[in-house]
Peer 1: 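Got a structure for you, written out below as structure tokens; questions coming shortly.
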Number of protein chains: 2
Amino acid sequence: MRAAITLDPASATPLQRQIYDEWRRGILTGRFRGGDRVPSTRDLARTLGVSRATATAAYEQLIAEGYLEAARGSGTFVSRELPDDLLRAGRGRARPAAAPPVSAEPRDSGGWVRFSSQWRPDLKEFPFALWRRLLNRHLRGRRADLFDYCAIDGGYPPLREEIAAYVARSRAVECGAGQVIVVNGSQQALDLCARLLMQAGDPVAMENPGYQGARRIFEARGVRLLPVRIDASGIAVSEIPAGARAVYVTPSHQFPTGVSMTVARRLELIEWARRNEAWIVEDDYDSEYRYSGPPLPAMQGLAAGAPVIYVGTFSKVMFPGLRIGYLIAPRKLVPAFVRAKWLVDRQTPYLEQAALADFLREGHLERHIRRTRRIYGRRRAVLTESLTRHFGDGARCVGDAAGMHVLVRFLDPEVAARAAARRVELASSALYYMGKAPEDEFVFGFAAVGERSIREGVRRLAR
Amino acid sequence: MRAAITLDPASATPLQRQIYDEWRRGILTGRFRGGDRVPSTRDLARTLGVSRATATAAYEQLIAEGYLEAARGSGTFVSRELPDDLLRAGRGRARPAAAPPVSAEPRDSGGWVRFSSQWRPDLKEFPFALWRRLLNRHLRGRRADLFDYCAIDGGYPPLREEIAAYVARSRAVECGAGQVIVVNGSQQALDLCARLLMQAGDPVAMENPGYQGARRIFEARGVRLLPVRIDASGIAVSEIPAGARAVYVTPSHQFPTGVSMTVARRLELIEWARRNEAWIVEDDYDSEYRYSGPPLPAMQGLAAGAPVIYVGTFSKVMFPGLRIGYLIAPRKLVPAFVRAKWLVDRQTPYLEQAALADFLREGHLERHIRRTRRIYGRRRAVLTESLTRHFGDGARCVGDAAGMHVLVRFLDPEVAARAAARRVELASSALYYMGKAPEDEFVFGFAAVGERSIREGVRRLAR
């Protein structure tokens, strides 16, 4: 297959992005078809007159997003199942070829359907046998450095390298490995941010509604929280009080509304932070899961030197019990974050960090994300479809087709009562509001609930 | 072998302790000899007219301390190597029988002898193959609760049970499993104490010299530190300012001096804390390693309802990379500690907690401690002997025969210079002093240094 695409060297769009865009468009329009073998990066680079690194980076992005698939030893191919198909997957379109992986339905937990699992990935889908193999590789190696006190740095060096490469290709985060601080999940990252960037009494802005884990750790620091409204474009930057020392946001998939912050709003927030000498804490907790179009790039990489601390986690894309997350700090803050992590609990266990570095380097993470993205995408479609079927306009799903939960507003005030009576566990959104919360608004977790259970659960909620 | 011992039911000493005392005395005086089989707990209970639980508890304590040894399936025996022998081990006494386990000498690290390893156990002695087996048992089990978010409690319930039983029998700590909070090593326990028990500006007393990890985390909380002198009986309680809100101590083996706090001084400190409504943070970091006599019981269990937060760790008795420690909180503080742990990083990984619960329940921990106690005891004896041989009265070893380090004061001011010139890594004690520090005082870590290296290192320091 020839790469019949042309690049514009004079464009402001980087060459890597142009290659990515052309390939994606070609795949989506059917010009390049599922199963087609694509040129090697070497051939592509030669044909287009770009560096091999540029071609490789474009392919890695396409692979990360599921447009291409690399088969060990036999080249790279256009995927037979495309991420953009997922939007249509639930709408009755026949899918005879490339049967989707079928996941087992969750066991009947005493007949309950639990939509309250808004934080949970489906553990049945995780390749634990592989994970065990990777852990055993390092347990057998018995390298003393995995079991002893480590040097005071930001984590196991090979994992820092892998994380930096991963966030660069999947999230457009700009950083070197030295800026990565490995922590015990994103909650510890938020604690370190509170310790370093906030003093007791400081005004700190956050989204309202917003993630209560962030709110509580900031409150524990003694800051004065300033709730800021969310609109369709994300946090209302114009309403952030000028004195705020920091602002906490979830721009890629706002928790809990699911709204994505527009690029214009992101730039406005960065500009606001620069003007006010404030820090932005960007919590990118589940951005790997988008079911329509490519992932939005992170704010962190949007403007050079943006005053952003980027927070990521493996709890959603792997499993929560792993307890590994990371933050990407601006260079000048790195020594302070490294010391703060050492101060609070020395180090995140190196054994798991070593296994995780292999999991990333060998491509297992991106394979697992592609696979679960298809599964969760279908579950989300089943959920929204079922709500429409049973409630029509009486149930409004807020936010983008993304993540592991949907915020749903019901017109019917009896939904909560019926849920309790009919064994459906619902999580009210009230916990996430500072001040008055709307009634009859719920956070539906769908990632860990099978399709049949989703249909059944929604049916029970209906009158 | 008959248990020719008598108990006094009228005594204030509990029956369990009377059995323990009689057995220990019988063993030390040679009445019961190494290799002798002891009666079953059932027979002992019947002979003495006590409950089986009492007999079992006494045996467990004797096993924990190395006086008895249980052989799977063939009963319990008097140990051939007694803990109390260790004091004499280095003094030229012939030990023809029961050859001690020989540990490999550390690899020649470019010819350096590193006495600066004061925090480190000898990882070569840890049974990693066994540990791998325990981890795999739970990895294969794939119980979802080990890999998901856990309930908001103080850790994996079976581990809390095992820790409560372990500290009861080995440290005389009085607690239920519900008082155990599992954390990522003792440093996190200290952070939680700082968060819950101290406010910015609070006066907080601590030993001087003392553990700098505690000092730094308390300073990060913004407290006003009050250094208090150590004398031969431990912290000088009469010099603690009355306003102190909390006091941090290492009573079983003061860091770094190695002094043990006398029982009288412990009671004085508890009384002081009660009078002043202050908290005592008892850091029992390496108390499992005592080479003369049985371990001193912890302060926590010395007086009913003492206002003590007890802190322990598996970093010294297992390996530091495990990152598991624990605190034992007074009942009324338990809910606050559970919430604080959840707030800072949710949970310590359950997989390791499950393997660790098995490691304790199946007796591996106590076996490993008995074994390393012999090894470290010999290393300590070799160190103090070598210092005496080369320096005579010019090197003074401070503190008890315990732990993993010795504080050494030299009269010769040239020791540090010779150390650097002759490739001996020494850790000055200056880091641990608030205010003026003595010169020519060093913390010698011996646990991770082989006997030959210890001899060679001390020889190089000599003129």
Side-chain angles (χ1 to χ4, degrees), chain A residues 107 117 119-121 123-124 126 128-129 131-133 135-136 138-142 144-150 183-192 195 199-200 213 216-217 219-222 315 318-325 339-340 342-352 448, chain B residues 117 119-121 123-124 126 128-129 131-133 135-136 138-150 183-192 195 199-200 213 216-217 219-222 315 318-325 339-340 342-352 448:
Chain A
R107 279 199 214 100
S117 64
W119 305 112
R120 291 181 152 81
L123 294 189
K124 289 189 308 306
F126 187 76
F128 280 108
W131 182 245
R132 193 173 80 231
R133 213 157 59 230
L135 282 174
N136 274 297
H138 293 285
L139 279 163
R140 268 195 218 95
R142 292 203 203 183
D145 63 330
L146 297 186
F147 302 102
D148 209 337
Y149 289 112
C150 66
V183 293
N184 310 336
S186 61
Q187 189 66 18
Q188 186 172 56
L190 299 179
D191 182 32
L192 298 183
R195 283 174 173 271
Q199 297 292 321
R216 289 198 183 134
I217 195 79
E219 281 170 350
R221 183 71 179 153
S315 294
M318 292 179 64
F319 55 95
L322 178 63
R323 308 313 306 134
I324 302 185
R339 281 196 306 268
W342 178 253
L343 188 68
V344 299
D345 71 354
R346 301 304 186 218
Q347 71 206 65
T348 296
Y350 262 30
L351 173 65
E352 270 77 7
Chain B
S117 64
W119 304 112
R120 293 182 150 81
L123 294 187
K124 290 189 308 306
F126 188 76
F128 280 108
W131 183 245
R132 192 173 82 231
R133 213 154 61 229
L135 282 174
N136 275 297
H138 294 285
L139 279 164
R140 267 194 218 98
R142 292 203 204 183
R143 282 169 37 205
D145 63 331
L146 297 187
F147 302 102
D148 208 337
Y149 290 111
C150 65
V183 293
N184 309 338
S186 61
Q187 188 67 18
Q188 187 172 55
L190 300 178
D191 181 32
L192 297 183
R195 283 175 173 271
Q199 297 292 322
R216 291 199 181 134
I217 195 81
E219 281 171 349
R221 184 73 179 148
S315 294
M318 291 179 64
F319 55 95
L322 178 63
R323 307 313 306 136
I324 302 186
R339 282 196 306 268
W342 178 253
L343 187 69
V344 299
D345 69 356
R346 301 304 184 218
Q347 71 206 63
T348 295
Y350 261 30
L351 173 65
E352 270 77 7

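Any value given below was found using the heavy atoms of this structure, including those in side chains, with hydrogens, waters and symmetry copies removed. Just so it is clear: chains get the letters A, B, ... in the order the sequence lines come, proteins before strands, and each one is counted from 1.
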Peer 1: What part of A189(A) is in contact with chain B, defined as an atom under 4.5 angstrom from a non-hydrogen atom: side chain, backbone, both or neither?
Peer 2: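 It is neither, since no heavy atom gets under 4.5 Å.
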Peer 1: Do L351(A) and L135(B) touch side chain to side chain, with heavy atoms closer than 4.5 Å?
Peer 2: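 In short, these two side chains touch, coming nearer than 4.5 Å.
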Peer 1: Quick one: side chain to side chain contact (heavy atoms under 4.5 Å, CB included) partners of S186(B), sequence neighbours excluded?
Peer 2: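 Once residues adjacent in sequence are excluded, the partners of S186(B) under the side chain to side chain contact (heavy atoms under 4.5 Å, CB included) criterion are V311(B), T313(B).
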Peer 1: Is there a donor-acceptor contact under 3.5 Å from the side chain of Q187(B) to the main chain of G213(B)?
Peer 2: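 Flag set: sc Q187(B) to bb G213(B) pair under 3.5 Å.
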Peer 1: So for R195(A), is it side chain, backbone, both, or neither that comes closer than 4.5 Å to the heavy atoms of chain B?
Peer 2: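 Just the side chain, heavy atoms under 4.5 Å.
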Peer 1: With the side chain counted from C-beta on, respond yes when F126(A) and P121(A) share a heavy-atom pair under 4.5 Å apart, and no when they do not.
Peer 2: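 No; the side chains remain at least 4.5 Å from each other.
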Peer 1: Measure A200(B) against the heavy atoms of chain A and call it side chain, backbone, both or neither at under 4.5 Å.
Peer 2: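 The answer is neither part of A200(B).
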Peer 1: By a 4.5 Å heavy-atom criterion (distance strictly below it), what part of R132(A) contacts chain B: side chain, backbone, both, or neither?
Peer 2: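 It is both, since atoms from each part get that close.
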Peer 1: Which one, R140(A), R323(A), R216(A), leads in non-hydrogen pairs under 4.5 Å with chain B?
Peer 2: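 Ranked by contacts with chain B, first place is R323(A).
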Peer 1: Among D148(B), I324(B), L123(B), which residue has the highest count of heavy-atom pairs closer than 4.5 Å to chain A?
Peer 2: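 Option with the greatest count: D148(B).
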Peer 1: Under the ring-ring contact (aromatic ring centres under 6.0 Å, His included) rule, collect the residues that match up with W119(A), sequence neighbours excluded.
Peer 2: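 Once residues adjacent in sequence are excluded, the partners of W119(A) under the ring-ring contact (aromatic ring centres under 6.0 Å, His included) criterion are Y211(A), F255(A).
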Peer 1: Under the 3.5 angstrom rule, does the side chain of R346(A) hit a backbone N or O of L343(A) as a donor-acceptor pair?
Peer 2: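 A pair under 3.5 Å: no.
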Peer 1: For chain A, which candidate among F128(B), W131(B), W342(B), Y350(B) shows the most heavy-atom pairs at distances under 4.5 Å?
Peer 2: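 The candidate making the most pairs under 4.5 Å is F128(B).
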Peer 1: Is L139(B) close to chain A through its backbone or its side chain, or both, or neither, when contacts mean heavy atoms under 4.5 Å?
Peer 2: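 Its backbone and side chain both get close to chain A.
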Peer 1: Which bit of L192(A) comes within less than 4.5 Å of chain B, counting heavy atoms only: side chain, backbone, both or neither?
Peer 2: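 Answer is neither: L192(A) stays 4.5 Å or more from chain B.
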Peer 1: Minimum heavy-atom separation for R120(B) and Y149(A), please, with both atom names.
Peer 2: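 For R120(B) and Y149(A), the tightest heavy-atom pair comes out as NH2-O, 3.4 Å.
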Peer 1: Identify the two heavy atoms, one from Q347(A) and one from C150(A), that lie closest to each other, and give their separation to 0.1 Å.
Peer 2: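 Closest heavy-atom pair between Q347(A) and C150(A): OE1-N, 3.1 Å.
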Peer 1: Need one label for D345(B): side chain, backbone, both or neither, based on atoms under 4.5 Å from any heavy atom in chain A.
Peer 2: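 D345(B) touches chain A through backbone and side-chain heavy atoms alike.
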Peer 1: With only heavy atoms counted, which part of I217(A) is less than 4.5 Å from chain B, the side chain, the backbone, both or neither?
Peer 2: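 Interface part for I217(A): both.
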Peer 1: Counting only non-hydrogen atoms closer than 4.5 Å, does L190(B) touch chain A with its backbone (N, CA, C, O), its side chain (CB onward), both, or neither?
Peer 2: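 For L190(B), neither part sits under 4.5 Å from chain A.
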Peer 1: Between A129(A), A144(A), G185(A), P320(A), which has the largest tally of heavy atom pairs under 4.5 Å with chain B?
Peer 2: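 Option with the greatest count: P320(A).
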